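Just so you know, ligand 1 is whichever comes first in the structure, and atom 1 is the first atom listed for that ligand. Bear in mind that the values here come from a model prediction, so they are computed numbers and not experimental data. The figures that follow rest on heavy atoms only: side chains count, while hydrogens, waters and symmetry mates do not.
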Amino acid sequence: MRTLMGPGPSEIHPRVIAAMGQPVIGYLDPVFVTMMDELKELLRYAFMTENPLTFPASGPGSVGMEMCFVNLVEPGDKVIVCRNGVFGGRMLENVERTGGVPVVLEAPWGEPIDPQRLADCLKAHPDTRIVAFVHAETSTGCESDAAALIRIAHEYGALTIVDAVTSLGGSPVKVDAWGADAIYAASQKCLSCTPGLSPVSFNTRAIEKVRARKTRVQSWFMDLNLVLEYWAASARTYHHTAPGNSLYALHEALLLLREEGLEAAWARHRRHHLALKAGLEAMGLTLLVKEGARLPQMNAVRVPEGVDEKEVRRRLLTEFNLEIGAGLGPLAGKIWRFGIMGYSCKPENVMLCLSALGSVLSDMAYPVEVGQAESAAHHAYASLHTEAAKAAGGRGR
Ligand SMILES: *Cc1c(COP(=O)(O)O)cnc(C)c1O
């Protein structure tokens, strides 16, 4: 058994594994149809939206991404792509392949997208139809201010495509409050479900743009016009064979999220992030992202000078069964990525990780005192407990 603390997939709750083992039924079976209706309702809860067109696309997060771009971008449409990591780069690829005219707003890896720079870019390109950005950049652990970016895009009459793959379930994703027009996520990050499903949601402005297209969507499989019929029709017809058992799993994973409550899930990610951070810093390590833009569920840490980062990961995996992530692109070899997503976000993982890392680093002659990090994490947990107790006491008075 591996402990999964990388960039996804995250660990899967036993209830979700059990749900996956249910007997296969046809996707037009009334029982299946009822499950799907519940699933869509649960996704609306997770996304905090009333959008009727909210559903799990069949395929990984990349399919959700592509579904947004192939439908919303028509050849010749100007699209501002905000890029501060790997996934912004993928968005750019999508714009190019759909025949859109990309304008790239670059920001350094590890820094959020500056809303003022987006405003300036829109001023320089007033014919922009769409603004696309990654809310939670998994490659760096950086969060951008989605509400601000969307508000500015709308001021200039542009629609928005938002990547919420790593944020959904781990930090606030408020589709309706933000006014996000098209948004996609994935099943295997903070939702802790089996990989291969991509929750998506489209508001009426986005649907109007798709309906008003002069050209056909080049992808038959992802054409929302066909999917609309499939999901909206009271008499459901065949579009593609639904991945039934994966959908059962997502249904169960979302039930778990609703039972815990969105706010409680966000608070849990924050609590364990603070403990992990305290432990890492006690070992003399530093986080890549500045305070205020740090994602609790994805912690990028600078590799100290002289440490063989690959060897550290290899030993964590082979000696402790612990998977963490490596740096990508310009950050390859420079950072480690510690994910605490969904079911992986729990005290035993934080403590194992700190203990294993301390032990490996110490073995490799890096000056760290074994046990120091665990102690710091313990104190962080303890002070959070005290704070929580005080807050509860305050409310009681
Ligand atoms: C993981 C990830 C994706 C891609 O999801 P897949 O399920 O791997 O296709 C897209 N965007 C972000 C921010 C991600 O972290």
Side-chain angles (χ1 to χ4, degrees), residues 4-12 43 46-47 55-70 81-95 97 107 109-113 132-146 149 160-173 175 180 182-201 219 221-222 243 246-247 249-250 253 269 288-289 293-300 323-329 331 335-342 344-345:
L4 298 180
M5 294 184 69
S10 56
E11 293 167 24
I12 301 182
L43 278 179
F47 271 129
F55 65 96
S58 300
S62 306
V63 162
M65 179 189 285
E66 192 142 349
M67 185 175 267
C68 290
F69 284 92
V70 294
V81 177
C82 305
R83 180 166 65 174
N84 60 346
V86 166
F87 293 101
R90 293 232 185 133
M91 286 179 145
L92 175 60
E93 279 262 341
N94 271 277
V95 174
R97 285 166 194 243
W109 287 43
E111 287 183 23
I113 302 298
F133 68 91
V134 179
H135 175 219
E137 211 3 297
T138 323
S139 58
T140 64
C142 183
E143 177 177 25
S144 287
D145 184 346
L149 297 174
T160 49
I161 296 178
V162 183
D163 180 319
V165 170
T166 281
S167 38
L168 190 68
S171 32
V173 174
V175 170
I183 191 162
Y184 59 91
S187 48
Q188 80 278 19
K189 309 229 174 168
C190 292
L191 298 180
S192 275
C193 181
T194 188
L197 288 171
S198 178
V200 292
S201 186
S219 161
F221 182 67
M222 290 181 215
S246 298
L247 290 165
L250 184 59
H269 283 86
L288 173 75
V289 178
R294 282 178 196 148
L295 285 167
Q297 60 272 53
M298 176 44 68
N299 299 269
E323 180 186 270
I324 66 164
L328 301 171
L331 293 173
I335 58 165
W336 291 303
R337 290 181 298 151
F338 298 90
I340 38 171
M341 299 184 182
S344 284
C345 181

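- When each of E137, H135, M91 is tested with D163 by the rule side-chain contact (heavy atoms from CB on, under 4.5 Å), just one qualifies, namely M91.
- Looking at residues two or more places apart in sequence or on another chain, you find no salt bridge (charged side-chain N to carboxylate O under 4.0 Å, His left out) involving E111.
- Taking CZ of R294 as the reference point, atom SG of C142 lies at 10.5 Å (rounded to 0.5 Å).
- Atoms CE and OH, on M65 and Y184 in that order, are 3.0 Å from each other to the nearest 0.5 Å.
- Listed as neighbours of ligand 1 are P60, G61, S62, F87, V134, A136, T138, D163, V165, T166, Q188, K189, each bearing a heavy atom under 4.0 Å from the ligand.
- Judged purely by atom type and a 3.5 angstrom limit, S344 uses its side chain to pair as donor or acceptor with the backbone of L4.
- In terms of modelled atom types and a separation under 3.5 Å, the side chain of T160 and the main chain of A180 share no donor-acceptor contact.
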